[in-house]
Novice: 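Below is a structure I'd like to ask you about.
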Amino acid sequence: MIHSEHRRSEIVVGLVATPPDYPARVAARLTAELAGQLAERVDVDVQWTVREGWGEVAPRRGGGVEALLDDLARRRAEARWDVAICLTDLPLHAERVPLVAQASARRRVAMVSLPALGLRQLRAVRAAVPDLVGRLLTDASDERVPPAGWAPAELASRVPAIRRVVGEADAGELGYVASRRIGRVRLLTGMVRANRPERALLGLSKLLVGAFGTAAFALTTNTIWQMGDAL
C-alpha cells in the first residue's frame, strides 16, 4: 500500500542583532523558541527554521532606520532567508516620537528597537516578532501561509509599548511608535536596561576597594607622614 507523504513548506527566518552585545543575547534566547511560536501563531503546517546573525554582517549603525532596513534586506538576500528581523539597541524616532518597530513587506524585513520596549524587553519581543513575521509574509503575498487575520494596529494590543501605527499599511510599510510621554520614559529606562549599569557599579566598586586599600596602607606607613611633614 502506497502512502502519499505531504512535504511541508519551509520558511527561513533570520534574526540579526546589532550590535553583537545585548541584542545578541536577546536574539539567542528568542531563537530557541521562535519556531514553536511561529507554528502556533502563524501556521502550524509550515516548517519554520530560525537562523541567527550578528557581528560584522549586522546592519550598520548610522543612516537611520531606512538604511538599517536596506542593509538588513541585503543580508537577507545573501543568506537566502525568506524574512529577516533585526533586534537593535539603537534609540530610533519617527515623527519625533520613539519608534518601536518598522516593517517593510517590499524588502521582507523588519526591525525592533529594544530600548523603546522599556524594561520587559524579552517579553515584548516574544509578543512582537511572530506577528511581524506573519505580517511580512502576508503583505508580501507569500502563498505558503494563510492571510493574517488581524489588522496592523492589533500588534499594539500585544506589546504595551506600542500606541499607534504610522506609514502606508496597504503597501506593507508600517512603523509602530510609542506615545509621546510614556514612550520617552520607556525609551530612557530601556536604554538604561540595555547598558546594564550593574556592570559599571561592579567595576566601580572594585576600584573603590583598591583606592581605600591603598589609602589605608599609605596612612599606616611612615613614608606618607614624612612626605607630609616635608611639604
Side-chain angles (χ1 to χ4, degrees), residues 2-18 23-54 57-59 68-88 100-114 117 121-159 162 165 167-176:
I2 301 176
H3 297 277
S4 60
E5 181 179 354
H6 175 66
R7 185 175 182 179
R8 296 190 301 169
S9 300
E10 181 185 22
I11 296 180
V12 181
V13 178
L15 282 180
V16 176
T18 178
R25 290 193 292 273
V26 177
R29 296 186 63 178
L30 185 61
T31 299
E33 57 192 50
L34 183 56
Q37 291 179 336
L38 291 170
E40 179 181 353
R41 291 168 52 181
V42 181
D43 192 349
V44 70
D45 294 326
V46 170
Q47 179 183 342
W48 298 98
T49 302
V50 182
R51 310 285 188 196
E52 289 182 81
W54 54 77
V57 299
L68 190 70
L69 293 177
D70 286 339
D71 289 349
L72 182 61
R74 284 191 289 270
R75 176 72 177 92
R76 181 194 66 78
E78 292 173 359
R80 296 183 179 182
W81 297 333
D82 293 290
V83 294
I85 308 293
C86 176
L87 304 180
T88 180
V100 179
Q102 181 87 11
S104 173
R106 172 176 57 85
R107 289 170 283 202
R108 285 177 170 252
V109 298
M111 59 74 52
V112 178
S113 176
L114 297 177
L117 297 173
Q121 297 175 6
L122 182 59
R123 179 179 178 181
V125 166
R126 286 170 173 163
V129 170
D131 282 357
L132 288 173
V133 171
R135 174 55 53 184
L136 287 175
L137 294 171
T138 298
D139 291 343
S141 301
D142 195 310
E143 298 180 353
R144 292 172 295 181
V145 298
W150 48 273
E154 196 168 323
L155 183 60
S157 64
R158 297 185 185 273
V159 184
I162 298 177
V165 180
E168 302 176 4
D170 294 338
E173 304 294 319
L174 300 173
Y176 299 89

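Values reported hereafter were calculated over all heavy atoms of this structure, with side chains retained and with hydrogens, waters and symmetry mates removed. Not measured: the values here are computed from a predicted model.
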Novice: Would you indicate whether the side-chain heavy atoms of V12 and R51 approach each other to under 4.5 Å?
Specialist: yes
Novice: Within the 4.5 Å heavy-atom criterion, are D82 and R144 side-chain neighbours or not?
Specialist: yes
Novice: Suppose we screen for salt bridge (Lys or Arg N to Asp or Glu O under 4.0 Å). Which residues come up paired with R76, at least two apart in sequence or across chains?
Specialist: none
Novice: Please examine the side chains of T18 and L72, heavy atoms only from C-beta on, and report whether any two atoms are closer than 4.5 Å.
Specialist: no
Novice: Report the distance from atom CG of L122 to atom CZ of R29, rounding to the nearest 0.5 Å.
Specialist: 4.5 Å
Novice: Can you check whether M111 reaches T88 side chain to side chain, under 4.5 Å on heavy atoms?
Specialist: yes
Novice: Report yes if the side chains of W48 and L34 come closer than 4.5 Å at any heavy-atom pair, otherwise no.
Specialist: no
Novice: Kindly compute the distance separating CG (L38) from CD (E33), expressed to the nearest 0.5 Å.
Specialist: 10.5 Å
Novice: Do the non-hydrogen side-chain atoms of V159 and Y176 ever get within less than 4.5 Å of each other?
Specialist: no
Novice: Test I85 against every option in V125, L30, V50, L136 by the side chain to side chain contact (heavy atoms under 4.5 Å, CB included) rule and name the one that passes.
Specialist: L136
Novice: Which pair of non-hydrogen atoms, one from L132 and one from A103, has the smallest distance, and what is that distance?
Specialist: CD2-CB, 4.3 Å
Novice: Start with the C-alpha distance between V112 and L117, add both sets of side-chain angles, then the distance that settles side-chain contact (heavy atoms from CB on, under 4.5 Å), and finish with yes or no.
Specialist: CA-CA 9 Å; V112 178; L117 297 173; 3.9 Å; yes
Novice: Would you give the length of the straight line joining atom CG of L87 to atom CD of E52, rounded to the nearest 0.5 angstrom?
Specialist: 9.5 Å
Novice: Got a second to check how far E173's CD is from L69's CG, nearest 0.5 Å?
Specialist: 8.0 Å
Novice: To check you understand the geometry: which heavy-atom pair defines the closest contact between P130 and Q37, and what is its length?
Specialist: CG-OE1, 3.6 Å
Novice: If you round to the nearest 0.5 Å, how far is CZ of R107 from CZ of R74?
Specialist: 10.0 Å
Novice: Looking at side-chain heavy atoms only, is the closest gap between D142 and R108 below 4.5 Å?
Specialist: yes
Novice: Given side chains that start at C-beta, do those of C86 and V109 come closer than 4.5 Å, heavy atoms only?
Specialist: no
Novice: Can you measure from CD1 (I11) to CG (D43) and round to the nearest 0.5 angstrom?
Specialist: 7.0 Å
